[in-house]
Amino acid sequence: MTQKNNEIKKIKNDFQNVQELLYVIGDETRQLILLVLMEADCKVGMRVGEITEKTHLSRPAVSHQLRILKDIGIVKYRAEGTKNFYYIDVIGNRELFGNLKKLVVHIEDLMDVLEE
């Protein structure tokens, strides 16, 4: 197998590993919510109402998008009584984002092979 074919095979595998992540973070509404959550202290988090105020999205829209972000594991929440505080799970996503980094590295490797 040529080096080019080997790199393409790695990229195909990498894409499969990050397909769901790319879908989730590719949505502009979820990107907006993530940017707002980045402003919050990870140990404190934000309530849906706070996110709604900062994004100017409806409460149901924020809740729906948070559910998608929670399902993939990017966002977590902690409960305090009846209140939920949402935050980005930076540490728990090392593998998820590591796979994205691998994809970029393999694309760069393929570019180097093609330039030779």
Side-chain angles (χ1 to χ4, degrees):
M1 183 179 294
T2 68
Q3 189 175 0
K4 175 185 167 187
N5 289 342
N6 190 35
E7 292 303 326
I8 290 172
K9 185 177 177 181
K10 288 179 190 176
I11 291 169
K12 285 180 183 179
N13 186 55
D14 293 339
F15 263 118
Q16 289 175 341
N17 289 336
V18 297
Q19 189 173 20
E20 186 178 17
L21 174 64
L22 291 173
Y23 168 76
V24 169
I25 64 173
D27 181 85
E28 288 182 26
T29 303
R30 289 188 283 272
Q31 290 171 12
L32 178 60
I33 291 170
L34 289 170
L35 289 170
V36 166
L37 287 174
M38 285 179 198
E39 296 173 6
D41 183 343
C42 287
K43 294 178 183 171
V44 177
M46 295 179 92
R47 298 189 58 213
V48 171
E50 295 172 287
I51 298 168
T52 299
E53 285 177 27
K54 291 184 179 268
T55 60
H56 305 291
L57 297 168
S58 70
R59 190 176 189 89
V62 169
S63 294
H64 173 73
Q65 300 302 339
L66 283 171
R67 187 175 323 108
I68 292 168
L69 292 165
K70 283 185 334 193
D71 287 349
I72 197 170
I74 295 173
V75 169
K76 295 213 173 182
Y77 74 95
R78 64 179 177 77
E80 262 184 39
T82 59
K83 299 176 184 175
N84 292 329
F85 294 85
Y86 296 87
Y87 61 93
I88 297 174
D89 184 20
V90 178
I91 296 171
N93 285 295
R94 188 173 297 262
E95 181 180 351
L96 188 63
F97 287 107
N99 288 336
L100 184 59
K101 182 179 176 180
K102 272 195 255 183
L103 170 63
V104 173
V105 168
H106 288 143
I107 290 171
E108 289 174 339
D109 291 346
L110 176 61
M111 290 169 31
D112 290 343
V113 168
L114 294 175
E115 287 178 346
E116 293 177 353

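Below, all heavy atoms of this structure are taken into account, side chains as well, without hydrogens, waters or symmetry copies. Quick note: residue numbers are just sequence positions, from 1.
- Contacts of Glu39 classified as salt bridge (charged side-chain N to carboxylate O under 4.0 Å, His left out), with partners at least two apart in sequence or in another chain: Lys54.
- At most 12 non-hydrogen atoms from other residues, nucleotides or ligands lie less than 6.0 angstrom from OH of Tyr77.
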Could you go through residues 58-76 and list every donor-acceptor pair under 3.5 Å that involves a side-chain atom there, pairing it with any protein atom two or more places apart or in another chain?
| residue | atom | partner | partner atom | Å |
| --- | --- | --- | --- | --- |
| Ser58 | OG | Ala61 | N | 3.2 |
| Ser63 | OG | Arg59 | O | 3.2 |
| Gln65 | OE1 | Arg30 | NH1 | 2.7 |

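- The ring-ring contact (aromatic ring centres under 6.0 Å, His included) check on Phe85 picks up nothing, with sequence neighbours excluded.
- Residues passing the side chain to side chain donor-acceptor pair (under 3.5 Å) test with Asp14 are His106, sequence neighbours excluded.
- Between Asp109 and Val113 the shortest side-chain heavy-atom distance does not fall below 4.5 Å.
- With hydrophobic clusters built from ILVMFWY side chains whose heavy atoms lie under 4.5 angstrom apart, Ile51 does not share a cluster with Val44.
- Within the structure, salt bridge (charged side-chain N to carboxylate O under 4.0 Å, His left out) pairs that include any residue of residues 98-107 do not occur (at least two apart or interchain).
- Shown here are the side chain to side chain contact (heavy atoms under 4.5 Å, CB included) partners of Leu114, two or more places apart in sequence or in another chain: Lys4, Leu110.
- Closest of all the heavy-atom pairs between Leu57 and Thr52 is O-CG2, 2.8 Å.
- Rounded to the nearest 0.5 angstrom, Asp112 CG and Gln3 CD are separated by 9.0 Å.
- Put simply, Leu96 and Val105 are part of two different groups of oily side chains (I, L, V, M, F, W, Y) that touch within less than 4.5 Å, one to the next.
- The salt bridge (charged side-chain N to carboxylate O under 4.0 Å, His left out) search around Glu50 returns none, not counting sequence neighbours.
- The distance from the CE atom of Met46 to the CD1 atom of Ile88 is 10.5 Å, given to the nearest 0.5 Å.
- With sequence neighbours left out, Glu28 forms a salt bridge (charged side-chain N to carboxylate O under 4.0 Å, His left out) with no residue at all.
- Applying the side chain to side chain donor-acceptor pair (under 3.5 Å) test to Glu80 and every residue at least two apart in sequence or in another chain returns Arg78.
- A donor-acceptor contact shorter than 3.5 Å is absent between the side chain of Asn13 and the backbone of Lys9.
- Around CD of Gln31, the count of heavy atoms belonging to other residues, nucleotides or ligands within 6.0 Å exceeds 12.
- Applying the ring pair (Phe, Tyr, Trp, His ring centres under 6.0 Å) test to every pair with at least one member in residues 13-62, sequence neighbours left out, gives no pairs at all.
- With hydrophobic clusters built from ILVMFWY side chains whose heavy atoms lie under 4.5 angstrom apart, Phe97 does not share a cluster with Val104.
- Tyr87 and Ile91 are not part of a single hydrophobic cluster, where members link through side-chain heavy atoms under 4.5 Å apart.
- Between Leu100 and Val18, the closest heavy-atom pair is N-CG1, 3.4 Å.
- Residues Asn5 and Thr2 form a side-chain contact, since some pair of their non-hydrogen atoms from C-beta on lies under 4.5 Å apart.
- In this structure, the separation between CG on Asp27 and CG on Leu34 is 10.0 Å, given to the nearest 0.5 Å.
- Looking at residues two or more places apart in sequence or on another chain, you find no side chain to side chain donor-acceptor pair (under 3.5 Å) involving Arg47.
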